Amino acid sequence: MNISVIGGTGYVGLTVAVCLANKGHLVFCVGRNEEKVSKINRGVPIIYEENLEKLLKDALEKKKLVATTNMKDAVKKSDVSFICVGTQSMEDGRIDLRQVESVSVGMGQALREKESYHVVTVKSTVVPGTTEDFVIPILEKFSGKKAGVDFGVCMNPEFLREGRAIGDFLFPKDTGIVIGELDERSGSFLSEIFKEFDGEIFRTSLRCAEMIKYARNSYLAKDVSFANEIANICQKMGVDYLGVKKGMEMDVRIGKGRFLDAGVGFGGSCFPKDVRALVTKSAQVGVDPQMLEVTLKVNEEQPFVAVKLIKQVWGNLKGKKIAVLGTAFKPGTDDMREAPAIKVVNGLLAEGAEVWVYDPKALANAREIFGDTVFYGEKAEEALSEAEGCIIVTEWPEFAEANLYRAMKGKVIVDGRRVLDPAELPPGFRYHAVGFPRVVET
Ligand code: UGA
């Protein structure tokens, strides 16, 4: 098939475009920014995502992917288009639909000039009802055609985890594929793309597909906040949360692979935004979403647990040199959207600390966010060399190497993600961790 991916220069869009090209489709990767588009055409993936660069280069070599700023042309040349633009949170928690709106207008205009059948697929995360009540009316207005008759419409939520997005897309065995369809023809047409994927396909209504995405992310975010709350209680009650987690996972009704890693909270472009959007939407329809509210409240506070732990060591942090290891919201990505590291760094700065940050992939983004309020280490050792204490915020594998901390000037470590085994640390260290009631002195 010929496929256009609108928003193809973003995290989701580029992954989707490259993966579909890898499956043999001809993909038009549509973005607004000329510079990004030209980089993609030269094989430069613009974001960090494992294997993305290789797959992009393969697709370009096989002439299966073309990046372009011309959406109209791309839509006219393709059979299916995926809308993958961002739906960021607004001040009041609602999602910002401006990009979805402008893409729908452009897509409607393209459909007006198109003879053959085309399926518009919303992949952006949008609250239930958006595709039917917002996208379709715009498409119909600007195309002068009727959805479900002249063109098809689907909603296909994405279940990609940053850092593993390529694998999640190509092998959706663990997540399945959800296709919300306006009518049978739309759904069958879109299903063709996914029929050889190893993953169950669930066809349902547009609204149900939209809600599935919110329900899944809210469920997982709730688990993270639950884990953090239990870990905070454990810390005060002399219990190591890691043992509790292991014991919980032994119960098959809970099981392994749940989102039960406690730490400094969840971040990223999805969980915080999606839970907030569902809270706002629920309130609009007259439901008081208490569990969702608490999920956010626990998460709001959680990064400061690590700051409090390190503050306890000296009583106050004025003038203390503290290294923050990891600024990406999780390992495997350079993404810092709503990263817990932002709150940790700001919390340390508010206490008067001098902060050094290091991240293997996200330093450029960190510079944009923190500017000259902090110092940057090009290597972990550089950030640590002046540090009296450090907080591990992102569980990059390199931070689990105990010898790394020999580079520190001081000897205080707060492990915000339980990556280190304190028994492996050289002598003279004080090790604290979230959900860990003791202080290990090595
Ligand atoms: C999440 C979902 O896992 C994907 O299924 C979904 O497609 C995606 O959002 C999306 O909506 O686009 P992602 O945000 O990339 O994926 O990352 P996760 O691995 O889910 O982690 C989210 C946050 O929760 C991270 O900050 C992570 O550190 C934190 N987390 C996760 C924990 O603190 N503890 C855990 O046990 C798991």
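All values derive from a computational prediction rather than experimental measurement. In each ligand, atom 1 is the first atom listed, and ligand 1 is the first ligand listed. Here, residue 1 is the first one in the sequence, and each next residue gets the next number. In what follows, every heavy atom counts, from backbone to side chain, and hydrogens, waters and symmetry copies are set aside.
- What sits closest to atom 36 (O) of ligand 1 on the protein, heavy atoms only, is D261 N, 2.8 Å.
- In this structure, K213 counts as a contact residue of ligand 1, since one of its heavy atoms falls inside 4.0 Å of the ligand.
- For the pair K281 and Y214, the cation does not sit on the ring face, since its NZ or CZ is not both under 6.0 Å from the ring centre and inside 45° of the axis.
- Residue G267 places a heavy atom less than 4.0 Å from ligand 1.
- Relative to the six-membered ring of F329, R337 misses at least one condition, a distance below 6.0 Å or an angle of at most 45° to the axis.
- Counting only distance, with no hydrogens or angles, the side chain of S186 and the backbone of L182 share no donor-acceptor pair below 3.5 Å.
- Scanning all protein heavy atoms for the shortest distance to atom 1 (C) of ligand 1 gives F271 CE1, 3.5 Å.
- Scanning the protein for heavy atoms near atom 14 (O) of ligand 1, the closest one is F329 CE1, 3.6 Å.
- The pair E249-K245 meets the salt-bridge criterion, since a charged nitrogen lies less than 4.0 angstrom from a carboxylate oxygen.
- Contacts between L260 and ligand 1, counted as non-hydrogen atom pairs separated by less than 4.0 Å, involve the backbone only.
- Under the ring pair (Phe, Tyr, Trp, His ring centres under 6.0 Å) criterion, F171 pairs with no residue, sequence neighbours left out.
- The minimum heavy-atom distance between W396 and T333, with the atom names listed, is CZ2-O, 3.4 Å.
- Residue-to-ligand polar distances keep E395 apart from ligand 1: every N/O pair is separated by 3.5 Å or more.
- Between R161 and D168 there is a salt bridge, since a side-chain N of the basic residue sits under 4.0 Å from a carboxylate O of the acidic one.
- Taking atom 37 (C) of ligand 1 as the reference point, the nearest protein heavy-atom neighbour is F259 CD2, 3.3 Å.
- For atom 4 (C) of ligand 1, the closest non-hydrogen atom on the protein side is L160 O, 3.6 Å.
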For salt bridge (Lys or Arg N to Asp or Glu O under 4.0 Å), just list the numbers for E301 and K343, CA-CA rounded to whole Å, side-chain angles, deciding distance to a tenth of an Å, and then say yes or no.
CA-CA 9 Å; E301 298 297 320; K343 287 202 187 115; over 6 Å; no
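- For atom 23 (C) of ligand 1, the nearest non-hydrogen atom of the protein is F266 CB, 3.6 Å.
- Screening T87, N217, D96 for a side chain to side chain donor-acceptor pair (under 3.5 Å) involving K273 leaves a single residue, T87.
- Looking from atom 30 (N) of ligand 1 to the surrounding protein, the closest heavy atom is V224 CG2, 3.9 Å.
- Between C270 and ligand 1 there is a heavy-atom distance shorter than 4.0 Å.
- Between atom 17 (O) of ligand 1 and the options K330, E162, R161, the minimum heavy-atom separation is to K330.
- For atom 33 (O) of ligand 1, the closest heavy atom belonging to the protein is R417 NH1, 3.2 Å.
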